Amino acid sequence: MNDIKSIDKSYVAGTYNRFDVEIVSGKGSLVYDNKGNEYIDMGSGIGVTAFGIADDEWVKAVSSQAEKLQHMSNLYYTEPCARLAEVLCGRTGMKKVFFANSGAEANECAIKVARKYAAERKGEEYFNILTLENSFHGRTLTTLSATGQDCFHKLFNPLTPGFIHTPANDFEQLKQKVKENKCAAIMLECVQGEGGVNALTKEFITSVYELANNEDIILIIDEVQTGNGRTGELYAYMNYGIKPDIVTTAKGLGGGLPIGAALLSQKVEAVLGYGDHGSTYGGNPVCCSAALNVINRIDDNLLKEIKEKSKYIFTSLEGAKGVESVSGMGLMIGIKAKGNSSEIVKKCIEKGVLCLTAKDKIRLLPALNIPFDILEKAINIIKEVIAEV
Ligand SMILES: *Cc1c(COP(=O)(O)O)cnc(C)c1O
């Protein structure tokens, strides 16, 4: 057999409903299929390839590290891991970093830290964690339990106990649930990604922050999707003027290599001790070199550009034919169209643009450095398709 689609269908577990396209290469925000067709990549591997495909600087950071040392166990010190942790703390004011390999694992770490903190301070019965309806926190059984969308839970019971879901932007209900349950943490995304690209209100987030502070409940901000420049700030919480106790991130952090991180504030920096947590690959030198390159390039200039491109997308789509509303922040955009979003995404592929969906919306997560002319071309095609469908 030599047809990749058939081999994949025969041998790869059927958890992904793939589009009928085989991508073989790319450069920046352009990717190519096995037939030589070109596409503008408006999904960047679900917010992963922060600087696009095969970005020269990124490739250099990765390949030079791979030639030197591709892996060492966490029994020894390695430079990229230490330097990345230093940079992340320097840019956020956090005190310590635990490195994992994915978003779900970063969240697992955060949950363990919050539960141990609460168990030591208040007692082991303070294990509950409030998360929001429509949230997404990962696919491991515990992060699935945290995820406030029943469609992901079906037939995987029993889930990890101690997760309570409450509606987004309803502070009174959340406060009531904190009162009724012995809570270790509140965990939320500032902009719900998989849930439909919905930015939470400043009022809600500030109230939750104050409540968590007053009650000594750990506030975990899941920045797996929103982090690393995506919303126009290094981390989305920075748009809200709060200081989380734990920030988790992954997706764009490695720019295309698997890495996750849980950033720990002063309050919780010492909660985990020797042997409390670990990961064989965590802090891998190649992934950390990749992430160092990504983080160091997210400077004020780039963030400004992200905001400008965001503004351009909002202005050109709002009120366009067939567009009901545009949501999101920075280069994390949700489009509610009158037509069916899956159908629109399929038509966009035919016209050379790769988009994502989130719930009933079309979702855009282009590379942070997408050139303006390419972005403009993609938006025009998307607009055209939305107007037709
Ligand atoms: C994608 C995502 C996750 C899960 O990340 P994985 O790397 O797939 O484990 C968790 N939280 C949020 C907000 C995400 O968008």
Side-chain angles (χ1 to χ4, degrees), residues 13 15-16 43-50 98-114 129-149 151-153 156 159-160 163 165 168 185-200 205 219-231 233 235-237 239-240 244 246-263 279 281-284 287 290-291 294 327-334 356-359 361 363-366 368:
T15 58
Y16 306 108
S44 58
I46 317 193
V48 166
T49 47
F98 178 85
F99 288 114
N101 316 288
S102 66
E105 284 175 282
N107 285 338
E108 290 273 347
C109 174
I111 291 163
K112 282 176 78 172
V113 170
I129 295 178
L130 289 187
T131 64
L132 301 183
E133 286 171 9
N134 241 352
S135 60
F136 185 84
H137 298 295
R139 303 281 198 162
T140 62
L141 270 171
T142 294
T143 56
L144 197 62
S145 316
T147 294
Q149 299 187 56
C151 57
F152 292 114
H153 296 161
F156 293 122
L159 299 176
T160 304
F163 288 91
H165 306 132
I186 301 168
M187 174 152 123
L188 55 86
E189 307 151 82
C190 290
V191 185
Q192 295 188 323
E194 305 301 316
V197 202
N198 298 311
L200 303 190
I205 296 224
L219 178 60
I220 304 168
I221 303 293
D222 179 340
E223 300 254 10
V224 172
Q225 191 162 155
T226 54
N228 316 302
R230 182 53 56 190
T231 66
E233 292 293 337
Y235 290 101
Y237 76 80
N239 294 295
Y240 289 85
I246 305 176
V247 171
T248 59
T249 190
K251 287 195 169 85
L253 178 61
L257 283 178
I259 181 170
L263 316 186
S279 163
Y281 270 114
N284 171 275
C287 298
V294 168
S327 64
M329 209 185 268
L331 288 177
M332 180 171 179
I333 305 273
L356 306 165
T357 56
K359 286 277 175 80
K361 288 185 187 164
R363 177 173 43 153
L364 309 179
L365 299 169
L368 303 179

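Everything quoted here is computed from the prediction, not taken from an experiment. Just so you know, ligand 1 is whichever comes first in the structure, and atom 1 is the first atom listed for that ligand.
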message: If I take atom CG from residue Leu263 and atom CD from residue Glu223, how far apart are they, to the nearest 0.5 angstrom?
response: 9.0 Å

message: Could you measure the distance from the OG1 atom of Thr142 to the CD1 atom of Ile111? Nearest 0.5 Å is fine.
response: 6.0 Å

message: Once rounded to the nearest 0.5 Å, what's the spacing between atom CG of Leu331 and atom CG of Leu364?
response: 9.0 Å

task: Mark up the atoms of ligand 1 that fall under 4.0 Å of a heavy atom belonging to Gln225, in ascending order.
output: 15 (O)

- line: Closest heavy-atom approach to atom 10 (C) of ligand 1 among His137, Met332, Glu105 is made by His137

query: Among Gln192, Glu223, Lys251, which residue places a heavy atom closest to atom 14 (C) of ligand 1?
result: Lys251

- prompt: Which distance, rounded to the nearest 0.5 Å, do you find between the SG of Cys190 and the CE of Met329?
  reply: 7.5 Å

- line: Test side chain to side chain donor-acceptor pair (under 3.5 Å), reference Asn107, set Thr147, Asp222, Thr143, output is Asp222

field: Separation between NZ of Lys251 and CZ of Arg230, rounded to the nearest 0.5 Å
entry: 10.5 Å

query: Identify the closest protein heavy atom to atom 11 (N) of ligand 1: which residue and atom is it, and at what distance?
result: Asp222 OD2, 2.8 Å

message: Measuring from atom OG1 of Thr131 to atom CD1 of Ile220, what distance do you get when rounded to the nearest 0.5 angstrom?
response: 10.0 Å

- prompt: Got an N/O contact under 3.5 Å between Ala250 and ligand 1?
  reply: no

field: ligand 1 N/O within reach of Ala104 N/O, cut-off under 3.5 Å
entry: yes

query: If you count the atoms of ligand 1 from 1 in the order shown, which ones are under 4.0 Å from a heavy atom of Glu189?
result: 13 (C)

- request: Please work out whether the ring planes of His153 and His165 are parallel, tilted or perpendicular, with thresholds of 30° and 60°.
  value: parallel

Close-contact set for ligand 1 against Gly103 heavy atoms, below 4.0 Å: 5 (O), 6 (P), 7 (O), 9 (O)

message: Quick check on contacts: which atoms of ligand 1 are under 4.0 angstrom from a heavy atom of Ser102?
response: 7 (O), 9 (O)

field: Sub-4.0 Å protein heavy atom next to atom 8 (O) of ligand 1
entry: no

- request: Give yes if a backbone or side-chain nitrogen or oxygen of Phe136 is under 3.5 Å from a nitrogen or oxygen of ligand 1, and no if not.
  value: yes

